[in-house]
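Naming: A, B, ... by sequence-line order, numbering from 1 per chain. Just so we're clear, the structure is a prediction, and the values are computed from it rather than from any experiment.
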Number of protein chains: 2
Amino acid sequence: MEIDKYTSQEKLLVAVDCIIFGFDGKVLKALLIKRGIEPEIGKWSLMGGFVNKNESADQAAIRVLYQLTGLTDIYMEQLYCFSEVDRDSAGRVVSIAYFALINISNYNHQIEHGHEAMWFPLNEIPDLIFDHKSMVIKAKDTLKRKVASNPIGFELLPPKFTLPQLQNLYEAIYEAPLDKRNFMRKILSLDILIKLEEKEKESSRKGAFYYVFNRELYSKFEHEGLRFV
Amino acid sequence: MEIDKYTSQEKLLVAVDCIIFGFDGKVLKALLIKRGIEPEIGKWSLMGGFVNKNESADQAAIRVLYQLTGLTDIYMEQLYCFSEVDRDSAGRVVSIAYFALINISNYNHQIEHGHEAMWFPLNEIPDLIFDHKSMVIKAKDTLKRKVASNPIGFELLPPKFTLPQLQNLYEAIYEAPLDKRNFMRKILSLDILIKLEEKEKESSRKGAFYYVFNRELYSKFEHEGLRFV
DNA sequence: CCAAAAGTGTTTCTATTACACCCATGT
DNA sequence: ACATGGGTGTAATAGAAACACTTTTGG
């Protein structure tokens, strides 16, 4: 049984596309796939799929991401709805773009999923189908803006991370160097990180202390009241 | 002739809904209409309509606004795409919400358009159909955030306005009083307003100088580099 | 002459920036 | 012993916040 009292209205195909960001310690990357269906089969593309009648766009984005990468429980946020009439050369498709932030090491483990997926540094994104390039650009802008006042950068790092790692991340997002002392002071003054006794010893002889982000400490602020950079 | 190679995919109804903000000199308001179609006919609602196959969501929003108010050339921005499966009780409709900023005196002139439209102060919004209330709330949040770093507040005022009027607007949006001297200094230091010789004499005996926003002066900054408050 | 709103400066405080050396450790 | 990246403090500057009186003019 289906209710639908809006007869004689034109329906449209509705899709989701995901800009998946990852950080390898040095540069920000986006995950792309070789498109598996016509048209434009074989070209690089964002991960996407259609929204079914029984699911919301959020649910579709989560499903698509899971089907194509096997990933669950990842940070995802609606970016923008792209709806130019001719944006898809094969039909009228409205696409709701999402951006996702993932800890890149979580995905390299499960690349065996078989899809031809590949990480591209953001300044080496190849030609993409349709309007996917502008989706990536908008996602990058939005990330840059949001990361300054929301605690979402942590989503791109492992649960335990060092301050130099966090700083590298911010430098990659801003494409600008930051002062080590000022950065440390500012981040620590927010009082949302917990310092562990343990040290990361891979990338230096001295070793850098691990920290974890503490959501409880952050939630005191709630209403976007923090400046991270 | 119609191309559409994505056969066997479910299509959905796609709509736009507009949160129209106005400012009467004292309080921020939203323009609502009594819904003219079933279901929920006669209840208060945002202005909305379906997206046709041959138009983008932006175009649909502009069209809907024109059809319902007669207004053209107004500031409008995509807010968010609402797509919960049950958001519309009469069928599966994905709605792309837009917010519009208008100079309220432009619309009071043409209220003869016959639709049962009415301005409501933002803190006196009645019950609205579907998820329209959450659209209004999100629009208000977004406006609050954007107005701090983008020169969009001016869209809510007449072309010529006084600094006290501008301050009242910011106070209404922030729901907080601002210091007159600090506000004036900050706004004028941005160097994007041009002072006219003319004074507004309605609201005080002394009269307040008119200013106009100068888009050329602003465009030097471009990349969201300004803080208005 | 008075009520009502416009306009005007200075000081305090807080946040941001700039900057250079020592520390710990594995090889 | 040395090379490598981690960790630390202080001074200068700029921006934000607090604050009260004078000006204009229509009635």
Exercise. Output all residues satisfying side chain to side chain contact (heavy atoms under 4.5 Å, CB included) with B:R63, sequence neighbours left out; order by chain, then residue number.
Key: B:N52, B:E55, B:A60, B:Q67

Quiz item: Sequence neighbours excluded, which residues qualify as salt bridge (charged side-chain N to carboxylate O under 4.0 Å, His left out) partners of B:K43?
Solution: B:E40

Exercise. Scan residues 195-211 of chain A against DNA chain C and write down, sorted by residue number, each residue with any heavy atom closer than 4.0 Å; if none is found, say none.
Key: A:K201, A:R205, A:K206

Self-check item: Range on DNA chain C touched by chain A - first to last nucleotide, heavy-atom distance under 4.0 Å
Solution: C:dT16 to C:dT27

Using ring-ring contact (aromatic ring centres under 6.0 Å, His included) as the criterion, list what pairs up with [X], not counting sequence neighbours.
X: B:F99; value: none
X: B:F228; value: none
X: B:F23; value: none

Produce the list of close N/O pairs, under 3.5 Å, pairing protein atoms with atoms of nucleotides 13-17 of chain D; give distances to one decimal.
{"unit_1": "D:dA16", "atom_1": "OP1", "unit_2": "B:K186", "atom_2": "NZ", "d": "3.3"}

Self-check item: Of residues 154-181 of chain A, the positions that come close to DNA chain D - non-hydrogen atoms, cut-off under 4.0 Å
Solution: A:P164, A:K180, A:R181

Self-check item: Any donor-acceptor pair under 3.5 Å from B:E124 side chain to B:P121 backbone
Solution: no

Quiz item: With no hydrogens and no angle check, is any side-chain donor or acceptor of A:H132 less than 3.5 Å from a backbone partner on A:S45?
Solution: no

Practice problem: Please work out whether the ring planes of A:F213 and A:Y218 are parallel, tilted or perpendicular, with thresholds of 30° and 60°. | Solution: tilted

Quiz item: Which pairs with one or both residues in residues 184-211 of chain A pass ring pair (Phe, Tyr, Trp, His ring centres under 6.0 Å), sequence neighbours excluded?
Solution: none

Quiz item: Just wondering, more than 12 heavy atoms not from A:K26 lying within 6.0 Å of its NZ?
Solution: no

Side-chain polar contacts of residues 72-82 of chain A - donor-acceptor pairs under 3.5 angstrom, sequence neighbours left out - could you list them?
{"unit_1": "A:Y75", "atom_1": "OH", "unit_2": "A:E77", "atom_2": "OE1", "d": "2.5"}
{"unit_1": "A:E77", "atom_1": "OE2", "unit_2": "A:K146", "atom_2": "NZ", "d": "2.7"}

Quiz item: Which whole-number value in Å describes the distance from A:F183 CZ to D:dT8 P?
Solution: 15 Å

Exercise. Could you note down all residue pairs passing side-chain hydrogen bond (donor to acceptor under 3.5 Å, both in side chains) where residues 154-173 of chain B supplies at least one of them, sequence neighbours left out?
Key: B:E155-B:R215, B:K160-B:E198, B:Q167-B:E171

